[in-house]
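No hydrogens, no waters, no symmetry mates; every other heavy atom, side chains included, goes into these values.
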Amino acid sequence: MVWKTCLLITCQSPPHRAQGMKNGNKMTSSSIMMLISVLFFVLVTPTSDAAYLEQQWCVADEQTPDDVLQLAMDWACGIGGADCRMIQPNKSCYLPNTVRDHASYAFNSYWQKLKNYGGSCYFNAAAIVTDLNPSHGSCHFESLP
């Protein structure tokens with residue numbers, strides 16, 4: 001094994017190495033320099049935990065009829081256990097007062113609560129997963145890892 005001294009960008013072989021090994025040393029020096037460059041880039045690149053977590057929401061599918069959405073929302077807010085308090089009159093997510101908007105809130109509430117425990121964003125094909133945040137105004141749609 002050949003030990004080298006590397007400072008910043010310059011790597012040098014020990015002086016006792018034979019001249020015939022220069023090509024091998026260049027390959028090794030190049031490999032070490034590449035490794036140092038990659039490590040430097042990784043260590044100095046700013047990151048946050050959020051960069052690794054893709055945020056997703058469960059919303060009503062635009063193509064689903066309102067009567068189907070209503071049935072699915074009734075299930076989500078009832079047996080499903082979604083927190084539907086914010087889509088009640090005078091609450092932050094009541095407006096716009098449409099079945100589609102209320103269903104989106106209910107579907108997302110259910111899915112965020114149960115997605116890590118086997119819950120799905122399906123609702124009999126009435127919902128889809130999106131990476132576009134559906135929050136609006138003072139109405140906040142939760143997104144959990």
Side-chain angles (χ1 to χ4, degrees), residues 1-14 17 21-145:
M1 175 177 260
V2 176
W3 292 96
K4 294 183 179 183
T5 304
C6 296
L7 299 173
L8 294 177
I9 312 177
T10 308
C11 291
Q12 299 175 341
S13 295
R17 296 286 303 156
M21 294 298 288
K22 275 189 175 183
N23 288 340
N25 287 342
K26 285 183 182 177
M27 177 64 173
T28 303
S29 294
S30 297
S31 298
I32 290 174
M33 290 310 302
M34 178 66 80
L35 179 61
I36 290 171
S37 298
V38 168
L39 287 173
F40 178 78
F41 179 77
V42 168
L43 292 175
V44 298
T45 302
T47 60
S48 69
D49 291 342
Y52 296 107
L53 301 174
E54 182 179 333
Q55 290 189 311
Q56 294 183 320
W57 296 266
C58 178
V59 296
D61 188 331
E62 293 290 327
Q63 299 176 3
T64 305
D66 282 357
D67 60 327
V68 174
L69 291 174
Q70 184 67 56
L71 287 172
M73 179 173 53
D74 290 345
W75 181 89
C77 292
I79 296 171
D83 182 356
C84 297
R85 292 176 292 179
M86 291 295 130
I87 55 176
Q88 299 302 313
N90 300 316
K91 296 294 186 175
S92 61
C93 296
Y94 180 70
L95 296 175
N97 182 16
T98 67
V99 173
R100 186 166 317 286
D101 285 287
H102 288 184
S104 288
Y105 189 87
F107 295 168
N108 188 65
S109 173
Y110 168 85
W111 188 60
Q112 296 297 333
K113 182 178 174 181
L114 298 171
K115 68 182 177 182
N116 294 320
Y117 303 99
S120 72
C121 175
Y122 183 67
F123 298 95
N124 206 21
I128 59 169
V129 173
T130 182
D131 58 357
L132 300 174
N133 187 343
S135 299
H136 52 87
S138 62
C139 178
H140 174 73
F141 279 60
E142 191 172 35
S143 178
L144 301 173

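- When all heavy atoms are compared, the tightest approach of S120 to F123 is O-CE1, 3.9 Å.
- In this structure, SG in C84 is found 12.5 Å from OH in Y110, a value given to the nearest 0.5 Å.
- In this structure, SG in C58 is found 8.5 Å from CD1 in I128, a value given to the nearest 0.5 Å.
- At a cut-off of 3.5 Å, with distance as the only test, a side-chain donor of D101 or T98 sits close to an acceptor on the other residue.
- In terms of modelled atom types and a separation under 3.5 Å, the side chain of S109 and the main chain of Y105 share no donor-acceptor contact.
- Rounding to the nearest 0.5 Å places CE of M86 at 12.0 Å from NE2 of H102.
- When every heavy atom of G80 is checked against every heavy atom of L114, the shortest pair comes out as O-CD1, 4.0 Å.
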Tabulate below the donor-acceptor pairs under 3.5 Å that side-chain atoms of residues 136-145 make, not counting sequence neighbours, or state none.
unit_1 : atom_1 : unit_2 : atom_2 : d
S143   : OG     : Q56    : N      : 3.4
S143   : OG     : Q56    : O      : 3.3

| query | Would I87 and Y94 count as a side chain to side chain contact (heavy atoms under 4.5 Å, CB included) if you check the C-alpha gap in whole Å, the side-chain angles of each, and the deciding distance to 0.1 Å? | reply | CA-CA 4 Å; I87 55 176; Y94 180 70; 5.7 Å; no
Check residues 63-77 and write down every donor-acceptor pair under 3.5 Å in which the side-chain atom is one partner and the other belongs to a residue at least two apart or another chain.
unit_1 : atom_1 : unit_2 : atom_2 : d
Q70    : NE2    : D74    : OD1    : 2.8

| query | Does the pair N133 and W57 meet the rule for a side chain to side chain contact (heavy atoms under 4.5 Å, CB included), with working shown? | reply | CA-CA 7 Å; N133 187 343; W57 296 266; 3.4 Å; yes
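- The backbone N or O of G81 sits less than 3.5 Å from a side-chain atom of K113, completing a donor-acceptor pair.
- To the nearest 0.5 Å, atom CD of residue E54 and atom CG of residue D131 are 6.0 Å apart.
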